[in-house]
Every structure is written in C-alpha cells, then in structure tokens.
Amino acid sequence: MVQTGTVLGADLFWSREQVDALFGEGFVNEWRKTGFVDHGLVEFHWERPAGSRAWRGAHFSVQAHRLSVDDDCVNPIIQERYGRLGGPMSYVELAAELDARGVAMVELPGSDSDIREFWQPDSYTVVYVTSGEYYCSGKLGVGDIYRVSSPHFATPESRESAAYRH
C-alpha cells in the first residue's frame with residue numbers, strides 16, 4: 001500500500017462521504033471518469049476506472065496559491081486546528097523546516113518553465129513552486145509554494161505508480 005500524505009488524517013483512500021463529513025460539503029466538479037470536491041484551500045480528487053461505477057481516490061491538493069488572493073479560502077476545520085493562516089510561504093522556508101526534520105526533497109525535471117516540482121519519495125508528495133511570473137498573482141511571488149499534492153509519482157511509468165494503479 002502506498003503511504004501518502006494526509007490533511008487532518010484524510011487521504012486518497014477516504015471516500016467522498018468521509019471527506020465531506022470532515023470538511024463539510026464542498027463544491028463538486030465531476031466528469032465521466034474524474035471528479036473533485038473543492039473545500040476551499042483543499043481539494044480531494046477521485047477517478048472512476050473504465051467500466052466501473054465506483055469512485056476511488058486519486059489524490060488531494062492543497063491549493064496554497066489561494067492564500068495570496070482569498071483570506072477566506074481556509075476551511076473552518078483547518079482554521080480551528082491551525083489558527084489563521086498567513087499569506088504565501090516561500091519554498092526556501094519550507095525546505096529549511098523539512099531539512100531540519102530530516103525530510104528529503106528531490107527536484108523533478110519539469111516541462112513548465114514557470115513552475116518547479118519537488119517530490120518527497122517517502123510520502124509521494126510533490127510541492128509545486130513558482131519560478132516565473134505566469135503563476136504569480138495577488139501576493140504570490142517567484143519562489144512561493146503554489147500547490148502541494150499527494151500522491152504524486154515521479155513518472156507514470158515508475159515502479160511505484162504501476163504498483164499503485166493495479
């Protein structure tokens with residue numbers, strides 16, 4: 001089983017009903033084979049394999065860039081647990097904290113010159129960091145955290161991805 005990150009204990013193995021029970025009902029966006037529920041700062045994504053009616057967890061994302069334009073985007077349960085969150089956080093600050101805790105990050109080769117990706121192999125979590133003006137808005141600047149997603153596999157062909165998907 002893949003060990004992914006969590007948000008207040010919720011991870012990709014939680015059902016939509018479990019996530020809604022924790023965060024309250026969010027904005028639902030569904031397509032035929034994919035869908036997500038937006039809970040403000042946090043989104044949970046599900047997918048429906050071909051030929052199946054059942055949804056299974058795909059990943060969750062913390063949309064950190066929303067802190068730069070919307071002070072009210074933080075779900076009340078997150079705010080209750082962690083207090084009022086400040087604005088954007090620079091990756092340099094996060095990397096220093098992770099380094100102090102002995103958590104290694106690996107930069108992935110990217111195809112977008114305006115965003116860098118840093119992967120944490122033990123938790124299958126990736127941190128997206130702005131590296132160009134395209135993703136900057138509001139108070140968000142170059143070098144700030146744009147989004148955190150888990151799980152994320154280094155490549156779709158990776159051994160870990162193949163084990164998870166089967």
Side-chain angles (χ1 to χ4, degrees), residues 2-7 10-13 19 23 26-50 55-75 78 85-101 103-166:
V2 172
Q3 180 66 36
T4 68
T6 69
V7 177
D11 64 17
L12 81 148
F13 300 107
V19 171
F23 292 106
F27 173 75
V28 177
N29 197 336
E30 283 184 12
W31 300 279
R32 289 190 315 223
K33 294 183 181 180
T34 63
F36 71 91
V37 179
D38 181 346
H39 294 281
L41 185 63
V42 179
E43 295 177 354
F44 281 82
H45 296 248
W46 288 271
E47 61 190 9
R48 193 178 351 217
W55 291 96
R56 69 176 182 192
H59 70 277
F60 72 84
S61 294
V62 177
Q63 302 292 341
H65 62 95
R66 292 179 182 166
L67 292 170
S68 71
V69 293
D70 183 3
D71 293 335
D72 295 325
C73 72
V74 180
N75 185 283
I78 292 174
L85 300 180
M89 178 182 209
S90 78
Y91 182 72
V92 170
E93 292 175 271
L94 176 64
E97 179 64 29
L98 292 174
D99 189 52
R101 295 177 184 212
V103 177
M105 299 297 288
V106 177
E107 185 165 6
L108 298 174
S111 59
D112 186 336
S113 63
D114 286 330
I115 202 108
R116 295 170 67 191
E117 299 176 19
F118 295 89
W119 185 53
Q120 206 301 307
D122 295 329
S123 67
Y124 294 88
T125 301
V126 69
V127 177
Y128 296 85
V129 179
T130 60
S131 59
E133 294 298 322
Y134 181 81
Y135 292 97
C136 297
S137 64
K139 298 177 271 181
L140 192 68
V142 172
D144 287 338
I145 297 170
Y146 188 79
R147 176 178 72 228
V148 179
S149 294
S150 184
H152 175 88
F153 302 103
T155 67
E157 299 80 25
S158 72
R159 180 174 49 86
E160 295 83 3
S161 181
Y164 167 73
R165 301 234 180 253
H166 294 287

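Basis for what follows: all heavy atoms, side chains included, without hydrogens, waters or symmetry-related copies. Numbering starts at 1 and runs along the sequence shown.
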Exercise. Describe, in one word, how the ring planes of Y146 and H65 are oriented to each other, choosing from parallel (under 30°), tilted (30 to 60°) and perpendicular (over 60°).
Key: parallel

Quiz prompt | Student check: side-chain heavy atoms of E133 and V142 closer than 4.5 Å | solution = yes

Practice problem: Identify the two heavy atoms, one from C136 and one from G141, that lie closest to each other, and give their separation to 0.1 Å. | Solution: SG-C, 3.5 Å

Quiz item: Considering all heavy atoms of both residues, which atom of T125 and which atom of S150 are nearest to each other, and what is their separation?
Solution: OG1-OG, 3.1 Å

Quiz prompt | For the student: nearest non-hydrogen atoms of D144 and K139, plus distance | solution = OD2-O, 4.0 Å

Quiz item: So, do F118 and Y128 sit near enough that their side-chain heavy atoms are less than 4.5 Å apart?
Solution: no

Self-check item: Contact summary for L140 and P88, nearest pair of heavy atoms
Solution: CD1-CB, 3.8 Å

Exercise. For the pair S131 (side chain) and S113 (backbone), establish whether a donor and an acceptor sit closer than 3.5 Å, ignoring hydrogens and angles.
Key: yes

Quiz prompt | Q120 side chain to D122 backbone, donor-acceptor under 3.5 Å | solution = yes

Exercise. Ignoring hydrogens and angles, state whether a donor on the side chain of D112 or Y135 is under 3.5 Å from an acceptor on the partner side chain.
Key: yes

Practice problem: State the CZ-CD distance between F60 and E43, to the nearest 0.5 angstrom. | Solution: 12.0 Å

Quiz item: Roughly how far apart are Y91 OH and E107 CD, rounded to 0.5 Å?
Solution: 8.0 Å

Quiz item: Has the side chain of T130 got a donor or acceptor atom that lies under 3.5 Å from a matching backbone atom of G143?
Solution: yes

Quiz prompt | Spacing of E97 atom CD and M89 atom CE [to the nearest 0.5 Å] | solution = 7.0 Å

